[in-house]
Number of protein chains: 2
Amino acid sequence: MKLSEFELDVMQLLWQREPCTAAQLHEHLSQTKKVAYTTVKTIVDRLEQKGAVERAGQQGKAIIYRSCVDQSTLSDQATPGFMQRFFGGDSRSLIAHFIQQEELNEEDIAYLQSLLKDKKQAK
Amino acid sequence: MKLSEFELDVMQLLWQREPCTAAQLHEHLSQTKKVAYTTVKTIVDRLEQKGAVERAGQQGKAIIYRSCVDQSTLSDQATPGFMQRFFGGDSRSLIAHFIQQEELNEEDIAYLQSLLKDKKQAK
DNA sequence: CCTTATCTACTACATTTGTAGAAATTAAAA
DNA sequence: TTTTAATTTCTACAAATGTAGTAGATAAGG
């Protein structure tokens, strides 16, 4: 399943607070970005058409939506293309990039170290 | 600078073998994907318009191109959006995902471990 | 020098994406 | 029950994207 950037922004919100209505999604998106309610609703409709979202009931006249794909499924799909296009397919340099650029606390670091250790063991 | 997927595919090739002509790019892309020469040339033209690529001479009647943005600049720009959209902005889970999903040899693992150690030290 | 194969430049078009208004509907309020 | 305010549906449209054809230019070969 291929979703656009805006569609993913909506999915992101939905994953965090589902089930919810288009109005609620609009509410939260508005905090970051000036956007009309109908624009958000259009995106939700497209997500429904693509089968990423489904109706989970009503609340007054408003439709309650819920996701029907999960984040990990989509990130699994997107990951190879991203790695190829921005890091020439070199997973090591991608991981290195993130380790160096991103904020990580001691606990995060310890966790990632343990993952690497496991990875090594598994060989 | 915002480039499309196909544009990035061409950039990727260019970074690996620049400077080169549109015909050479087409040659390599053809190995993976059925695509007309003029399609590739159109993408190169658009990249030139966007200022991602420039002319670096001629070879017969063919134009030789060279990139004028580098991979790290573009990946730095793309990274936050990708992390947000596919991992809810959680860099730790993104890195974890890649460590677990991707193929890494012992040397890669050692390298990444040293980066984490540095990261910890720097605190 | 003329022909030709190749390359560029220009144009075209369907689809997707971001964006939102207008019209129709309906739950809720009065 | 009638009005109203919020929602859904439908429609629209510009820009970006993937895709490629056509026409014109030109280097290279004969």
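Reminder, nothing fancy here: chain letters follow the sequence lines and each chain counts from 1. Treat the numbers as computed from the prediction; the structure is a model and nothing was measured.
Residue side chain A:T42 reaches the base of C:dA20 through a donor-acceptor N/O pair under 3.5 Å, judged by distance alone.
Checked against C:dA20, C:dA9, D:dA12, the side chain of A:R46 finds its nearest nucleotide in D:dA12. The side chain of B:E5 approaches D:dG18 more closely than any other nucleotide in the set D:dG18, C:dA20, C:dT17.
Within 4.0 Å (heavy atoms only), B:K41 reaches sugar-phosphate atoms of the nucleic acid but no base atom. At the heavy-atom level, B:S4 lies under 4.0 Å from the strands shown only through sugar-phosphate atoms. B:T21 comes within contact range of no nucleotide atom at all, as no heavy-atom separation falls under 4.0 Å.
In this structure the side chain of A:F86 never reaches within 4.5 angstrom of the side chain of B:Q71, judged on heavy atoms.
There is a side-chain donor-acceptor pair under 3.5 Å between B:T73 and B:D70. There is a side-chain donor-acceptor pair under 3.5 Å between A:H26 and A:S30.
Regarding A:Y65, its OH atom lies at a distance of 12 Å from the P atom of D:dT7, rounded to whole Å. As rounded to whole Å, 13 Å separates atom P of D:dT11 from atom CD of A:Q49. Remark: C1' of D:dT7 and CG of A:L25 are 14 Å apart, rounded to the nearest angstrom. One atom, CG of B:L3, and another, C1' of D:dT17, lie 12 Å apart when rounded to the nearest Å. A straight line from CG of A:L47 to P of C:dG18 spans 10 Å, rounded to a whole angstrom. Taking atom CD1 of residue B:I43 and atom P of nucleotide D:dA20, one finds them 11 Å apart after rounding to whole Å. Across the protein-nucleic acid pair, B:I63 atom CD1 and C:dC7 atom C1' stand 8 Å apart, rounded to whole Å. The interatomic distance linking A:D45 (CG) with C:dG18 (C1') rounds to 14 Å, in whole Å.
The aromatic rings of A:F87 and A:H97 lie perpendicular to each other, with more than 60° between the two planes, well past the 30° mark.
Ion pairing of B:R66 with B:E54 is present here, as a side-chain N (NZ or NE/NH1/NH2) and a carboxylate O approach within less than 4.0 Å. Between A:E5 and B:K2 there is a salt bridge, since a side-chain N of the basic residue sits under 4.0 Å from a carboxylate O of the acidic one.
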Using a cut-off of 4.0 Å between protein heavy atoms and nucleotide atoms, how would you tag nucleotides 25-30 of chain C 5' to 3' with B, S and -?
-BSS--
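Here A:K50 reaches the OP1 or OP2 of C:dT17: one of its side-chain N or O atoms lies under 4.0 Å away. Taking only side-chain nitrogens and oxygens, B:T39 comes nearer than 4.0 Å to OP1 or OP2 of D:dA20.
DNA chain D is contacted by B:K33, B:K34 of residues 26-34 of chain B, taking any non-hydrogen atom closer than 4.0 Å.
Take the nearest nucleotide of DNA chain C for B:T38 and for A:E7: the residue whose nucleotide is more 5' is B:T38.
If you take CD on A:Q24 and CG on A:L13, they are separated by 10.0 Å, rounding to the nearest 0.5 Å. A:D9 contributes atom CG, which lies 12.5 Å from atom CG of A:L14 (distance to the nearest 0.5 angstrom).
In the hydrophobic clustering of ILVMFWY residues, with side-chain heavy atoms under 4.5 Å counting as a link, A:I109 and B:L115 come out together.
Around atom CD of A:E107, no more than 12 heavy atoms belonging to other residues, nucleotides or ligands sit under 6.0 Å away.
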